[in-house]
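Shown next, in structure tokens, is the structure this report addresses.
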There are 2 protein chains.
Amino acid sequence: MTIKEVCSKFGISPDTLRYYERVGVIPEVHRTPGGIRDYTEEDIGWVETAACFRSAGMPIDLLAAYVRLYKEGDSTIPERCELLREARARILAERQKCDDALAKMDAKIKVYEKAVQTGKLVWDDDQGCCSCGRTKKE
Amino acid sequence: MTIKEVCSKFGISPDTLRYYERVGVIPEVHRTPGGIRDYTEEDIGWVETAACFRSAGMPIDLLAAYVRLYKEGDSTIPERCELLREARARILAERQKCDDALAKMDAKIKVYEKAVQTGKLVWDDDQGCCSCGRTKKE
DNA sequence: ATACAATCTGGAGTTAGCTCCAAGTCAAGA
DNA sequence: TCTTGACTTGGAGCTAACTCCAGATTGTAT
């Protein structure tokens, strides 16, 4: 598979894909005799994983660390397992932040939806006041 | 409340707080006669909201746009409402990416936990192969 | 064989979001 | 009053993650 095809498959630019390879977020990609990248199923698997984790906010160097360990062989399995667990905790924390923001957002939107009708914002005691997020109770 | 107190309350650096004010992520903060920032309850509410949304990945300029509209008064309520809805969609998408990554991650960790026992990675057909994320079925 | 598009490399440039710094001002304790 | 430490500003510097570019090479259609 050409770089262009992989790009459109995952919505990544060619430059980004080459960058990922250069910094070790994915291992070296298979090449044609002429030196053009020709992604195998396995290469694509790495790209898919990298794209998925990156879009969840996993930093480049963490992904690269995993690939480095992978290349060292089976002796690094426990280390990789630990790394994955840490990565999981990170993403879980990310999601929690999203949930917190969504809760705040939903409360705000509720008030705004009423305000769009009346022309004036009315914050009840539980939700906060003004356009800021302050809760009156604290 | 001094800038230091606000910082420790939200785990933000003073530089970041001043930066937020400068770029309009929060409105101008109340000052002492000497010119020192003295955060009111309302200022703190803005900081809280900004911190919450920022940590969920909301870009600076979107938050600043909201504050700009807020300062223009009640006539911008519908616009602000729309902006909030877009912001909500963004964060929802963020969370979806986290969920996708978590699913992939959990599958990987499962395989690795077995591997830590046996010393060898064994990927079953449903999960993918190697250390990449490729699913054998596609 | 030739044109033309796609890809290659190494390196420079860009963007967002802070983070640091110097030089000056303000405020509380001895 | 003096010292010490927190706070101020404007502006420069930094990091992560791309993104762009020039000039060379490869692959493909006529």
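Predicted model only: the values in this text are computed from it and were never measured. Residue numbers begin at 1 in each chain, while the letters A, B, ... track the order of the sequences.
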message = Under 4.0 Å, counting only non-hydrogen atoms across every strand here, what does A/R54 touch: a base, just sugar-phosphate, or nothing?
response = sugar-phosphate
query = Heavy atoms under 4.0 Å, any strand shown: does A/P14 hit a base, just sugar-phosphate, or nothing?
reply = nothing
Answer yes or no: is there a side-chain heavy-atom contact under 4.5 Å between [X] and [Y]?
| X | Y | result |
| --- | --- | --- |
| B/V47 | B/L17 | yes |
| A/V67 | A/W46 | yes |
| A/P14 | A/K4 | no |

Side-chain N,O ([X]) to OP1/OP2 ([N]) below 4.0 Å:
| X | N | value |
| --- | --- | --- |
| B/T32 | C/dA27 | yes |
| B/R18 | C/dC20 | no |
| A/T2 | C/dT7 | yes |
| A/R37 | C/dC8 | yes |

message = Below 4.0 Å from chain A heavy atoms, what is the first contacting nucleotide of DNA chain D and what is the last?
response = D/dA17 to D/dG27
inquiry  = Could you check whether A/E94 pairs with A/K97 (Lys NZ or Arg NE/NH1/NH2 to Asp/Glu carboxylate O, under 4.0 Å)?
reply    = yes
Protein-nucleotide distance ([X], atom [atom1]; [N], atom [atom2]), rounded to Å:
| X | N | atom1 | atom2 | answer |
| --- | --- | --- | --- | --- |
| B/E21 | C/dC18 | CD | P | 15 Å |
| A/D15 | C/dC8 | CG | P | 10 Å |
| A/Y19 | C/dT14 | OH | C1' | 13 Å |
| B/L63 | C/dA16 | CG | C1' | 13 Å |
| A/D38 | C/dA6 | CG | P | 17 Å |

ask   = From C/dC26, C/dT7, C/dC18, pick the nucleotide closest to the side chain of B/I36?
value = C/dC26
request  = Check B/G119 against A/I77 and note the closest heavy-atom contact, atom names and distance.
outcome  = O-CD1, 3.5 Å
task = Work out which heavy atom in B/L121 is nearest to a heavy atom in B/A115; give both atom names and the distance.
result = CD2-CB, 3.4 Å
ask   = Between the two end axes of the helix from C/dA1-D/dT30 to C/dA30-D/dT1, each built from 5 base pairs, what angle do you get to the nearest 10°?
value = 10°
remark   = Between B/I60 and B/G34, the residue closer to the 5' end of DNA chain C by nearest nucleotide is B/I60
Earlier contact from the 5' end, DNA chain C, for A/R22 and B/P59 = A/R22
key: More than 12 heavy atoms from other groups under 6.0 Å of CZ on B/R90   = no
ask   = Quick one: do the B/Y112 and A/R80 side chains pair a donor with an acceptor below 3.5 Å?
value = yes
N/O donor-acceptor pair under 3.5 Å between B/R54 side chain and B/M58 backbone = yes
